[in-house]
Amino acid sequence: MTVNPIIPCVCRCRTCPDCGPYQGWLIRQNLLAKADLFTDPHLLTLTIDRSRFASPEAAHDRITEGGFIRRLMRLLGIKKWFWVLEFQTQSGEGWPHWHFLVDLSDVGGFLDLKRAWKLWRDRWKLGGLDLQCRITAENREHAVFYVTKYLTKTPEAVPPWVLLRARALRFLGASKAIGSLTGKLPAAPAEPLDPGEQMNLPFRSARTVLLYRMARCKMKATVFHFSGDIETGQGEWKWAGTIAAPVEDIIELAETGLISARVAAIGMGEDDRETVVMTDASIGGVVHALRVAAAELSDRDVGHTSAWVQRALEREWEIFEHHAAFWQRLRPGEA
């Protein structure tokens, strides 16, 4: 079967209510597949001493830029560990803390808490820690579910400093012994590529703040030319083009005759999920339709471009207002 699926461009942000839970679910599945690595699993929490930092972001940067988590695990002899970043709501400012799943089999099943406290609290002056009771090997999958529960649900709110942060912020991490849980880009080729081949390499755009990316989630769409089994997704996929418009806008353009392409919704998979496709089987026809659509959307008389930008700005404000109001209510004396 040959079709042209229209796929919304998603932001894949951990803080996005649409993308975050699914990304977290994938992490959980990958970690569950490696649960056997934790032969003596324990749960560990690292916290912050707020009196030593000017702000939650300053505390986060001090710990991450100094590599203190990795250093603590190495000095304690722990080789297999996984952590998730969370934000405390007690103060209304979003102070960070880290929940760990650690394997103590390499240290004889005993964590030297005295040394851990001496390093984390006394020498580095960062905060405190809490080691919870041992988890039986039979229940290590439950430990994976516990430590990833924050990843698989939409946070009620994210601190504004996280939303507006220009630098990258990691919401999870793992030791080398655990390996990658998120996938990676293909390895660099051994020989230099000619300009034509370079165009086929995956492109990673410049990082922007989370708020910007969340506000534009699903506001663009990519069309692919697909030949194969539509129910399983097995077949050949070719990129046809990307357009700055939600899928609904492309449907409207087709229905009103502004582009010469028919759009239909078809079922995919056993769960009968609906996906939108351009029914023209020719990839050339699809590319031409997208060019016409882009020109039509950019037409000042139509006004779609300015409306698209305005819609994105409104979404930014709505997202920020929601999260900021949540933390404002939690501040002492302002509840």
Side-chain angles (χ1 to χ4, degrees), residues 14-15 24 41-104 106-107 110-135 143 146-151 153 155-175 178 209-210 323-335:
R14 170 66 197 94
T15 50
H42 287 70
L43 295 174
L44 177 69
T45 301
L46 297 179
T47 60
I48 295 296
D49 183 350
R50 302 175 186 178
S51 66
R52 297 185 179 277
F53 300 96
S55 67
E57 186 172 11
H60 173 272
D61 291 348
R62 164 72 171 154
I63 290 174
T64 56
E65 293 175 5
F68 288 109
I69 290 177
R70 183 178 64 254
R71 291 164 62 182
L72 179 66
M73 296 295 110
R74 184 179 69 249
L75 293 173
L76 293 177
I78 301 174
K79 297 181 180 179
K80 294 184 284 292
W81 43 267
F82 168 82
W83 58 260
V84 173
L85 173 65
E86 294 189 30
F87 304 100
Q88 295 175 339
T89 60
Q90 295 177 354
S91 67
E93 296 177 333
W95 289 86
H97 63 281
W98 291 260
H99 288 298
F100 279 77
L101 175 61
V102 298
D103 178 57
L104 299 187
D106 293 314
V107 291
F110 173 76
L111 178 66
D112 190 344
L113 284 174
K114 184 176 180 180
R115 188 181 188 196
W117 275 99
K118 183 176 181 180
L119 290 169
W120 191 258
R121 182 189 62 183
D122 301 331
R123 180 182 298 180
W124 298 334
K125 304 184 186 306
L126 300 176
L129 54 87
D130 175 36
L131 179 67
Q132 300 184 23
C133 60
R134 180 182 183 275
I135 303 166
Y146 178 84
V147 78
T148 58
K149 65 179 182 179
Y150 182 74
L151 294 176
K153 63 181 181 180
E156 188 172 0
V158 180
W161 68 268
V162 175
L163 292 176
L164 300 176
R165 181 181 173 88
R167 287 180 292 173
L169 186 146
R170 296 182 62 189
F171 289 91
L172 57 95
S175 62
I178 300 300
V209 298
L210 288 174
H323 291 273
F326 173 86
W327 295 98
Q328 185 71 22
R329 290 194 301 269
L330 294 178
R331 291 182 179 176
E334 300 181 16

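As the structure is a prediction and not an experimental result, all values here were calculated from the model.
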Q: Carefully, step by step, assess H323 and L163 under the rule side-chain contact (heavy atoms from CB on, under 4.5 Å).
A: CA-CA 9 Å; H323 291 273; L163 292 176; 3.7 Å; yes

Return all side-chain donor-acceptor pairs below 3.5 angstrom for residues 68-84, not counting sequence neighbours, or 'none' if the list is empty.
| residue | atom | partner | partner atom | Å |
| --- | --- | --- | --- | --- |
| R71 | NH1 | G66 | O | 3.2 |
| K80 | NZ | D103 | OD2 | 3.3 |
| K80 | NZ | D106 | OD2 | 3.3 |

Q. After noting the C-alpha distance and the side-chain angles of F87 and W327, does the key distance pass the side-chain contact (heavy atoms from CB on, under 4.5 Å) rule?
A. CA-CA 11 Å; F87 304 100; W327 295 98; 4.3 Å; yes

Q | Under 3.5 Å: donor-acceptor pair, side chain of S55, backbone of A58 | A | yes

Q.
Checking P155 now: which residues fulfil side-chain contact (heavy atoms from CB on, under 4.5 Å) with it, not counting sequence neighbours?
A. R14, Y150, V158

Q. Of all residues at least two apart in sequence or in a different chain, which pass the side-chain hydrogen bond (donor to acceptor under 3.5 Å, both in side chains) check with D112?
A.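 None.
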
(Q) Tell me every residue that passes side-chain hydrogen bond (donor to acceptor under 3.5 Å, both in side chains) with H97, counting only those two or more places apart in sequence or in another chain. (A)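 H97: side-chain hydrogen bond (donor to acceptor under 3.5 Å, both in side chains) contacts with H99.
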
To the closest 0.5 Å, what do you measure between [atom1] ([X]) and [atom2] ([Y])?
{"X": "R50", "Y": "W95", "atom1": "CZ", "atom2": "CH2", "value": "7.0 Å"}
{"X": "R167", "Y": "H60", "atom1": "CZ", "atom2": "NE2", "value": "9.0 Å"}
{"X": "Q88", "Y": "E93", "atom1": "CD", "atom2": "CD", "value": "11.0 Å"}
{"X": "L172", "Y": "L85", "atom1": "CG", "atom2": "CG", "value": "9.0 Å"}
{"X": "L210", "Y": "L169", "atom1": "CG", "atom2": "CG", "value": "7.5 Å"}

Q.
Give me the atom names and distance for the closest heavy-atom approach of P56 to G94.
A. CB-O, 3.5 Å

Q: Over all heavy atoms of both residues, which pair between I48 and P96 is shortest? Give the atoms and the distance, please.
A: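 I48 and P96 have their closest heavy atoms at CG1-O, 3.2 Å.
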
(Q) Quick one, L104 and F110 - any side-chain contact, counting heavy atoms below 4.5 Å? (A)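 No. Closest side-chain heavy atoms not under 4.5 Å.
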
Q) Are side-chain heavy atoms of V102 and P41 found at a separation under 4.5 Å? A) no

Q: Test L43 against Y146 for side-chain contact (heavy atoms from CB on, under 4.5 Å), laying out the working first.
A: CA-CA 9 Å; L43 295 174; Y146 178 84; 3.5 Å; yes

Side-chain donor-acceptor contacts of residues 116-129 below 3.5 Å, not counting sequence neighbours, with atom names and distances?
| residue | atom | partner | partner atom | Å |
| --- | --- | --- | --- | --- |
| W120 | NE1 | T47 | O | 3.1 |
| W120 | NE1 | G128 | O | 3.3 |
| K125 | NZ | D122 | O | 3.2 |

Q.
A quick test of your reading: do over 12 heavy atoms of other residues, nucleotides or ligands sit less than 6.0 Å from CD of E156?
A.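 Atom CD in E156 is not crowded, with 12 or fewer foreign heavy atoms closer than 6.0 Å.
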
**Q.** By salt bridge (charged side-chain N to carboxylate O under 4.0 Å, His left out) - contacts of E57 (at least two apart)
**A.**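 Once residues adjacent in sequence are excluded, the partners of E57 under the salt bridge (charged side-chain N to carboxylate O under 4.0 Å, His left out) criterion are R165.
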
